[in-house]
Amino acid sequence: MTEKIGVVGAGIVGLAVARELASVRGAEVTVLEKEGRVGAHQTGHNSGVVHAGIYYPPGSLKARLCREGVALLKEYCAAHELPYREVGKLVVASTRAERPLLRALAERARANGVPGIAELDGLALREIEPHAVGVGAIHSPHTAICDFPAVARRLALDVSGMGGSVRLSHPVRAIRERPGGVEVLAGKRRYTFDRLVVCGGLSTDAVARMAGAPGEVRIVPFRGEFYALKGAARDLVRGLIYPVPDPRYPFLGVHLTRQLGDDVLVGPNAVLALAYEGYRRSNFRNVRQILGWPGTLRMARTHWRTGLKEVYGSLVKSAFLHGARRYVPELAAADLERAPGGVRAQAVARDGRLVDDFVVDVHGKVVLVRNAPSPAATSSLAIARHIAGIVPALV
């Protein structure tokens, strides 16, 4: 008997999972997506960086799946003639105090098997990025950029080609687990699946509640805002220039990121959003749910100073400019213009702890991807293999 498996969410992770289940398990897969296109949220609102695996604790799920995912993604893009460019990344120490952190980061990258890692002094880093400054840097020559929405569209074609279906404009309205399977009301149709996999991203909590599994971590959305370099200023950055990350907040700090179209993004910051799809500052749609989770206020009490700094950066252009000029001092205010941003789905525990690693739970016949932060897009094909091994088989 052919398994019938439903997947909630047509972002890059959900589509990769659907493809893997159809390919390896031979399942009949149906992807349910509330938007009218695939990759409408986090997949379509990110910087396009294919992370090499520099930052993640050795032995963590993130580290392993990132390294596996890079290889699979590069191969997939080549097979389907999708753009993939190894532009390289510099992680730059701007002060002597950052040198020990930079050295530890290089050791971590080597422990994770990141190829080609080189430690550079202030003179050598300018051979890679002539307009950058710093007292030292790590160079990751194989860090790449790609078009994640294009990858998602290709994955959707794969799912359809394997006999599955991708149902757009099908928001999930109800989930009920029964002895014979899982009933799902999506759009105006009722589906019955043997198993259900939820890759809901920003909508994870709402779908988990429908499944009767609200859980002990919840999604708290953070809006990431960007500027883009204008005109000749784009030529000041060849590839990717990143700061040495603060171990407490590895996703913060101004980055300069070259895009496939040769635009250069500056940012992002990370500002608490008050809507799960809070791309605009004026959107307060989900304020009750977000602030009603005890972990949100506990997180805010712990990290309020950093939060205020990020809000200041959101409101004051010169703060963004100051962050960028630490690494490329030739930049001027006139070189920066606002660019589209995104919203990061960050899982927060009840005690206010920011959940860093990937988290996948099994609740009866429902598999819930609770947390899939960066580098989820990079790791998507490896995450799919991991989740396919978790989905309970029919007995």
Side-chain angles (χ1 to χ4, degrees), residues 1-35 38-39 43 61 65 72 152 154-217 219 358-372 376 379-395:
M1 182 178 71
T2 301
E3 285 182 287
K4 293 184 177 181
I5 300 180
V7 176
V8 179
I12 194 170
V13 172
L15 290 165
V17 168
R19 174 181 175 270
E20 185 73 13
L21 290 168
S23 174
V24 174
R25 296 265 285 255
E28 179 185 323
V29 179
T30 301
V31 181
L32 303 171
E33 168 57 48
K34 69 186 181 73
E35 305 295 355
V38 304
T43 301
L61 199 55
L65 295 183
L72 293 171
R154 179 65 247 184
L155 290 169
L157 290 175
D158 290 349
V159 172
S160 298
M162 294 174 183
S165 60
V166 179
R167 306 285 186 181
L168 302 178
S169 301
H170 272 61
V172 172
R173 303 184 187 281
I175 299 171
R176 180 175 298 176
E177 190 170 335
R178 295 187 178 279
V182 183
E183 287 188 359
V184 179
L185 178 63
K188 297 180 180 179
R189 295 188 57 180
R190 188 177 299 275
Y191 298 86
T192 300
F193 302 115
D194 297 305
R195 301 286 184 264
L196 183 70
V197 182
V198 178
C199 303
L202 292 162
S203 299
T204 294
D205 292 348
V207 181
R209 283 194 297 271
M210 293 181 205
E216 287 302 300
V217 299
I219 295 299
F358 300 133
V359 178
V360 182
D361 289 346
V362 178
H363 181 78
K365 298 180 177 67
V366 180
V367 176
L368 294 151
V369 180
R370 300 279 191 185
N371 195 44
S379 311
S380 55
L381 297 174
I383 292 172
R385 289 185 174 182
H386 177 72
I387 290 175
I390 291 173
V391 176
L394 291 178
V395 292

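How far OG of Ser203 is from CD of Glu35: 8.0 Å, rounded to the nearest 0.5 Å.
At distances below 3.5 Å, not a single donor-acceptor pair connects side-chain atoms of Thr2 with backbone N or O atoms of Glu28. The closest donor-acceptor contact from the side chain of His386 to the backbone of Ala384 lies at 3.5 Å or more, if one exists at all.
Of the charged side-chain nitrogens involved, none lies within less than 4.0 Å of a carboxylate oxygen, so that Asp205 and Arg209 do not count as a salt-bridged pair.
Nearest heavy-atom pair across Arg370 and Ile219 is O-CD1, 3.6 Å.
Looking only at side-chain heavy atoms (C-beta outward), Val217 and Asn371 stay at 4.5 Å or farther from each other. A 4.5 Å side-chain heavy-atom check between Pro392 and Val367 finds at least one atom pair inside the cut-off. Val369 places none of its side-chain heavy atoms less than 4.5 Å from the side chain of Thr204. Taking 4.5 Å as the limit, every side-chain heavy atom of Leu21 sits out of range of all side-chain heavy atoms of Arg195. At least one side-chain heavy atom of Leu368 sits less than 4.5 Å from a side-chain heavy atom of His363. Using a 4.5 Å cut-off on side-chain heavy atoms (C-beta onward), Tyr191 and Arg167 make contact. Considering only heavy atoms from C-beta on, Val159 stays 4.5 Å or farther from Val7 through its side chain. Residues Val182 and Ile175 meet the side-chain proximity criterion, which asks for heavy atoms closer than 4.5 Å.
Between Cys199 and the options Val17, Leu15, Val207, Ile383, a side chain to side chain contact (heavy atoms under 4.5 Å, CB included) holds for only Val17.
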